[in-house]
Protein chains: 2
Amino acid sequence: MTTEAEQAANGSRNHAASHRVADYLRAAILSGEIGPGERIRQEDVAERFGASRLPVREALRILEAEGLTEHEQHKGARVPSLSMRDLSVIYQIRERLEPLALTESIPNLTQHDLRELDRLQQRIEADTGIDEFLALDREFHLMTYTGCQVDQLSMMVVRLWNSTQHYRRAFMKVSGSGRRWVINAEHRLLLDAMERRDSVDAERHLAGHIRRTRTELSRHPEVFGGATS
Amino acid sequence: MTTEAEQAANGSRNHAASHRVADYLRAAILSGEIGPGERIRQEDVAERFGASRLPVREALRILEAEGLTEHEQHKGARVPSLSMRDLSVIYQIRERLEPLALTESIPNLTQHDLRELDRLQQRIEADTGIDEFLALDREFHLMTYTGCQVDQLSMMVVRLWNSTQHYRRAFMKVSGSGRRWVINAEHRLLLDAMERRDSVDAERHLAGHIRRTRTELSRHPEVFGGATS
DNA sequence: CTATGCTAATTTGGATCCAATGTTCCCTCG
DNA sequence: CGAGGGAACATTGGATCCAAATTAGCATAG
């Protein structure tokens with residue numbers, strides 16, 4: 001489920017316990033099991049994970065550095081609530097970073113990768129539920145970056161996706177799936193440019209895709225549950 | 001010295017011991033005291049810091065997530081060595097991210113900030129040693145982003161500066177200070193655009209400044225001490 | 001009945017201890 | 001004399017224990 005996340009987060013397989021706990025918590029946050037503002041008790045996680053609190057604490061530091069949790073002295077960890085402005089800027093960051101990652105990726109994509117991307121897009125076009133759509137869409141985009149050899153860049157992209165995951169879900173729920181065809185059209189244009197190995201065109205389509213999403217998001221302030229702090 | 005680094009790294013003052021240790025280690029790495037490939041022993045740090053190994057371990061996880069250290073199971077932490085390609089891509093990332101941070105910053109800069117920047121640039125133009133130049137240049141650029149309200153963005157920028165600090169120093173040492181006047185001219189053009197609150201022009205100058213630096217860097221492979229892994 | 005202050009319980013922060021793994025040095029054997 | 005193996009050492013990983021701070025609950029006063 002979160003395979004891509006860790007792969008990009010840890011250069012190679014670093015299966016230390018703290019990382020396994022971090023992966024576990026990351027998955028819990030991404031799946032919505034732990035929502036913004038919600039507190040994370042170390043003991044709970046330790047117990048559920050069958051380990052002591054120590055690796056949990058290390059994991060929380062990792063997630064904090066990734067921006068997935070906030071810490072306050074003696075008050076513990078919680079998932080931060082983003083404001084509309086935060087989210088908007090994150091999308092602006094994505095709009096500049098992801099095209100770069102794409103350009104780095106395209107020359108290294110194999111025919112197999114491209115076929116896999118096509119297959120993913122077909123599954124996205126099949127009318128699925130919101131949660132499945134979110135998972136597939138994430139998988140699709142992150143897969144377009146599999147050719148990007150620079151860990152630091154892939155990592156940044158994955159983290160940006162991670163920290164907005166909850167709001168993407170909330171947005172899908174309030175906006176309905178009415179505009180799914182737009183997404184599909186944009187994905188198809190992107191895929192086409194990628195198959196032609198036309199980085200410039202692909203960058204253009206991707207940037208437009210992200211920009212449009214940001215614009216639509218900004219029209220749905222209710223995603224932030226009232227509190228825009 | 002590393003004030004900006006922490007300020008951006010921790011949204012607010014999080015003076016937990018693990019963060020103080022992380023700041024300490026970050027400063028040691030940025031100052032060149034701990035160089036790429038060098039190992040960091042937990043006990044040493046703990047002793048030097050007057051604390052137990054536990055906060056040190058948490059600090060190392062933080063630095064790992066920031067990309068300042070690498071970890072291997074049962075082998076400990078070391079500062080990663082970057083390849084020419086890594087460095088080049090980081091500069092490409094900076095070329096896209098920092099103009100965005102600048103645009104976010106410019107409207108919020110006070111007259112006082114601008115005066116301070118001018119003063120900094122004057123100090124840069126005074127012929128200083130390499131280490132002082134590096135510190136001032138860093139301070140100058142990061143100060144241009146003080147108006148950027150989005151923590152996540154400022155944080156990313158600071159981390160990019162951090163992970164390339166050592167190679168910037170090495171580059172200055174091999175390339176000599178012959179081309180300092182180019183930097184000064186670019187800084188002046190950037191400052192002028194900022195004073196006119198012309199984000200577009202400022203972005204253009206900044207991107208050019210970073211691109212030129214990347215190009216010059218790529219002409220000095222000896223910065224990587226032979227090993228380009 | 002509400003608000004405030006105090007105490008008890010919960011939770012996080014830090015230190016020490018033990019286990020597991022990696023490293024080094026030396027001895028032996030080819 | 002060099003290479004391989006093994007034992008002692010050093011270092012990291014994890015668990016438990018204690019201290020400090022926050023939170024929650026209760027009692028009491030207004």
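Order of the sequence lines fixes the chain letters, A, B, ..., with proteins taken first and strands second; residue numbering starts at 1 for each chain.
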Nucleotide D/dG13, atom C1' - distance to CD of B/Glu64 in whole Å: 14 Å
Considering all heavy atoms, the nearest A/Leu68-A/Pro80 contact: O-CD, 3.3 Å
Atom-pair distance (NE2 on B/His15; P on C/dG14), nearest Å: 13 Å
Distance in Å, A/Arg57 CZ paired with B/Arg61 CZ, rounded so as to fall on 0.5 Å steps: 13.5 Å
Side-chain N or O of B/Gln42 closer than 4.0 Å to phosphate OP1/OP2 of D/dG13: yes
Euclidean distance, atom CZ of residue B/Arg20 to atom P of C/dG13 [Å, nearest integer]: 13 Å
Rounded interatomic separation in angstrom, taking CD from B/Gln73 and C1' from C/dT21: 9 Å
Along DNA chain C (nearest heavy atom to each residue), the more 5'-positioned of A/Glu43 and B/His74: A/Glu43
Residue closer to the 5' end of DNA chain D, B/Leu54 versus B/Arg39 (nearest nucleotide): B/Arg39
Cation-aromatic face contact B/Arg168/B/Phe171, 6.0 Å, 45 degrees: no
From C/dA15, D/dT11, C/dG13, nucleotide with atom closest to B/Arg41 side chain: D/dT11
Euclidean distance, atom CD of residue A/Glu72 to atom C1' of C/dT11 [Å, nearest integer]: 14 Å
d(CD, B/Glu58; P, C/dT12) in whole Å: 12 Å
Any N/O donor-acceptor pair, B/Arg53 side-chain to C/dG14 base, under 3.5 Å: no
Exercise: do B/Glu203 and B/Thr103 side chains pair donor with acceptor under 3.5 Å: yes
Sugar-phosphate, base or nothing in reach of A/Ile40, heavy atoms under 4.0 Å: sugar-phosphate
Any N/O donor-acceptor pair, B/Arg57 side-chain to D/dG14 base, under 3.5 Å: yes
A/His209 ring center within less than 6.0 Å of A/His187 ring center: yes
Phosphate OP1/OP2 of D/dT23: any A/Lys75 side-chain N/O under 4.0 Å: yes
From C/dT12, C/dA15, D/dA15, nucleotide with atom closest to B/Ser52 side chain: C/dA15
